[in-house]
Protein chains: 2
Amino acid sequence: MNVSKHSKQRDAILEVLHSTKAHPTADAIYEEVRKKIPNISLGTVYRNLAKLSEDNTIIKVNAGTGVEHFDGTPTPHYHVVCTECGAIDDIDADPLEEVNVWAAKIFKGEIYKHSTIFFGKCERCKN
Amino acid sequence: MNVSKHSKQRDAILEVLHSTKAHPTADAIYEEVRKKIPNISLGTVYRNLAKLSEDNTIIKVNAGTGVEHFDGTPTPHYHVVCTECGAIDDIDADPLEEVNVWAAKIFKGEIYKHSTIFFGKCERCKN
DNA sequence: ACAATAATGATAACTGTTACTATTATTATA
DNA sequence: TATAATAATAGTAACAGTTATCATTATTGT
C-alpha cells in the first residue's frame with residue numbers, strides 16, 4: 001500500500017463525515033454511505049477510516065463509550081459527551097496547552113500531549 | 001443481586017489491585033489471581049471488577065488502548081500513558097477543576113466533569 | 001441446621017474490529 | 001488507447017475483549 005489511489009468509496013465516507021456535526025461510529029457511517037453505495041462493505045469503511053486517520057484527514061474520537069467515533073475536523077479540539085442522550089459535541093476552542101505544563105511539573109517523566117473528554121448535558125437535553 | 005455476599009475471589013482481586021501501582025487489565029488480574037486461586041474463572045474476575053467499579057471501590061481506566069485497565073485507588077486522579085512502553089502511571093494530584101469552568105464558558109450546555117489521559121514518556125523509559 | 005439467594009466456574013454468545021482473498025478499479029506509461 | 005502494475009474493493013472469516021447463561025456452590029440471616 002504505497003501510493004494511494006482514488007476511490008469513490010473513500011470520497012463518500014469523507015462526504016458523510018463532512019456533512020455532520022455528530023461524531024458517527026464506523027457502523028453509522030456505513031449505514032449512511034450505503035444510501036449512496038448500497039453494496040459498500042463494512043470492511044471498506046473501517047479500512048478507509050483507518051487510512052484517513054493516519055493521514056490526519058479525520059480524527060478518531062475515543063469518548064470512553066467502548067466504540068470509536070470519527071470526526072471530519074482534524075483540528076485538535078475537545079469533546080463533550082452528553083450523559084443524557086450520548087451525543088458528542090465539539091468544544092470549539094484550542095486545547096489547553098497549560099495543562100501539559102502543569103502535568104509536567106508533577107510527573108517524573110515527560111509529557112507530550114493530553115486527551116480530554118468532558119461529560120455534561122448538551123444544549124438540546126438541557127431544557 | 002441485592003445484598004452482596006463475601007467471596008474470597010473478590011478479596012483476592014482487590015488484593016492484587018492494592019499490591020501494584022501498575023494498572024492491570026482484567027486479563028492480567030486474572031493471571032495474577034490464579035496464582036492464589038488457580039481455578040478462578042475469568043468471568044468471575046470481570047463480574048467482580050464491574051461490581052467494585054460500581055461501588056467506587058476501584059476505578060476503570062480507559063487509557064485509549066482499547067482495553068480496560070483497573071486502578072485500586074478510587075480517588076480521582078489523572079494518568080499518563082507511556083508512548084514507549086505502554087505503562088500507565090498516576091499523576092498524584094487532584095484533577096483541575098478550573099478546566100471544567102473553562103469548558104463551561106464555551107460549551108452551550110452543562111459541564112459536569114472531565115476525564116484526561118496524558119501521553120508521554122515514563123521515568124523508566126526517559127533514560 | 002436450614003432456607004434463601006448471591007457468587008461461582010465453565011462455557012457460549014456477542015460486539016466491534018481486523019485479516020484474508022479473489023476480483024475490480026485506478027493510475028502511470030508506452 | 002492499450003497495457004501492465006498495483007491499490008482498493010466486496011464478501012467473509014477470524015479475532016479479542018467482554019458479557020450472558022446456567023447449573024452448582026458458598027455465604028448469610030434466622
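Everything quoted here is computed from the prediction, not taken from an experiment. Numbers restart at 1 for each chain; the letters A, B, ... are given by sequence-line order, proteins then strands.
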**OP:** Using only heavy-atom distances, determine whether the side chains of B:His77 and B:Asp92 contain a donor-acceptor pair under 3.5 Å.
**Re:** no

Original post:
Between atom CG in B:Asp27 and atom P in D:dG17, what is the gap in whole Å?
Top reply: 7 Å

Original post:
Within the pair B:Thr44 and C:dA7, is there a side-chain N or O less than 4.0 Å away from OP1 or OP2?
Top reply: no

Original post:
In terms of ring plane angle, is the pair A:Phe118 and B:His114 parallel, tilted or perpendicular, where the classes change at 30° and 60°?
Top reply: tilted

Subject >> B:Glu110 CD to A:Thr83 OG1 distance, which is reported to the nearest 0.5 Å >> reply: 9.0 Å

Original post:
Starting at the 5' end of DNA chain D and moving along, which residue's nearest nucleotide shows up first, B:Val67 or A:Ser41?
Top reply: A:Ser41

Subject >> Separation of D:dA26 P from B:Ile40 CD1 (nearest whole Å) >> reply: 14 Å

**OP:** Say whether A:His23 and A:Asp90, considering side chains only, have a donor N or O and an acceptor N or O under 3.5 Å apart.
**Re:** yes

Original post:
For the helix from C:dA1-D:dT30 to C:dA30-D:dT1, how many degrees between its two end axes (five pairs per end), to the nearest 10°?
Top reply: 40°

**OP:** For D:dT19, take OP1 and OP2 only and decide whether either is under 4.0 Å from a side-chain N or O of B:Tyr46.
**Re:** no

Original post:
Start at the 5' end of DNA chain D and walk down; is the nucleotide closest to B:Lys60 or to A:Ile37 reached first?
Top reply: A:Ile37

**OP:** Flag yes if more than 12 heavy atoms outside B:His6 fall under 6.0 Å of its NE2 atom; otherwise flag no.
**Re:** no

Original post:
Any chance CG of B:Asp55 has more than 12 other-residue heavy atoms, nucleotides or ligands included, within less than 6.0 Å?
Top reply: yes

**OP:** Nearest whole angstrom, please: distance from the C1' of D:dA10 to the CZ of A:Arg34.
**Re:** 12 Å

**OP:** Could you check how far OH of A:Tyr30 sits from C1' of D:dT9, rounded to whole Å?
**Re:** 13 Å

**OP:** Using whole Å, report how far NE2 of A:His69 lies from P of C:dG16.
**Re:** 10 Å

**OP:** For C:dT8, take OP1 and OP2 only and decide whether either is under 4.0 Å from a side-chain N or O of B:Ser7.
**Re:** yes

**OP:** Round to the nearest Å and state the distance from B:Arg10 atom CZ to C:dA7 atom P.
**Re:** 5 Å

**OP:** Give a yes/no on whether any side-chain N or O of A:Arg47 is located under 4.0 angstrom from OP1 or OP2 of D:dA8.
**Re:** no

Original post:
Between B:Glu123 and B:Lys126, is the closest basic N to carboxylate O distance under 4.0 Å?
Top reply: no

**OP:** Tell me whether the OP1 or OP2 atom of D:dA26 has a side-chain N or O from B:Gln9 closer than 4.0 Å.
**Re:** no

Original post:
Rounded to whole angstrom units, what separation is found between the CD1 atom of A:Ile29 and the C1' atom of C:dG16?
Top reply: 14 Å

**OP:** For D:dG29, take OP1 and OP2 only and decide whether either is under 4.0 Å from a side-chain N or O of B:Lys5.
**Re:** no

**OP:** May I ask you to verify if any side-chain N or O of B:Asn48 is less than 4.0 angstrom from the OP1 or OP2 atom of C:dT8?
**Re:** yes

Subject >> Atom-to-atom span, CD1 of A:Ile13 to C1' of D:dA8 - whole angstrom >> reply: 11 Å

Subject >> Side-chain donor-acceptor contact under 3.5 Å, A:His79 with A:Asp71 >> reply: yes

Subject >> Any A:Lys51 side-chain N or O less than 4.0 Å from OP1/OP2 of D:dA7 >> reply: no

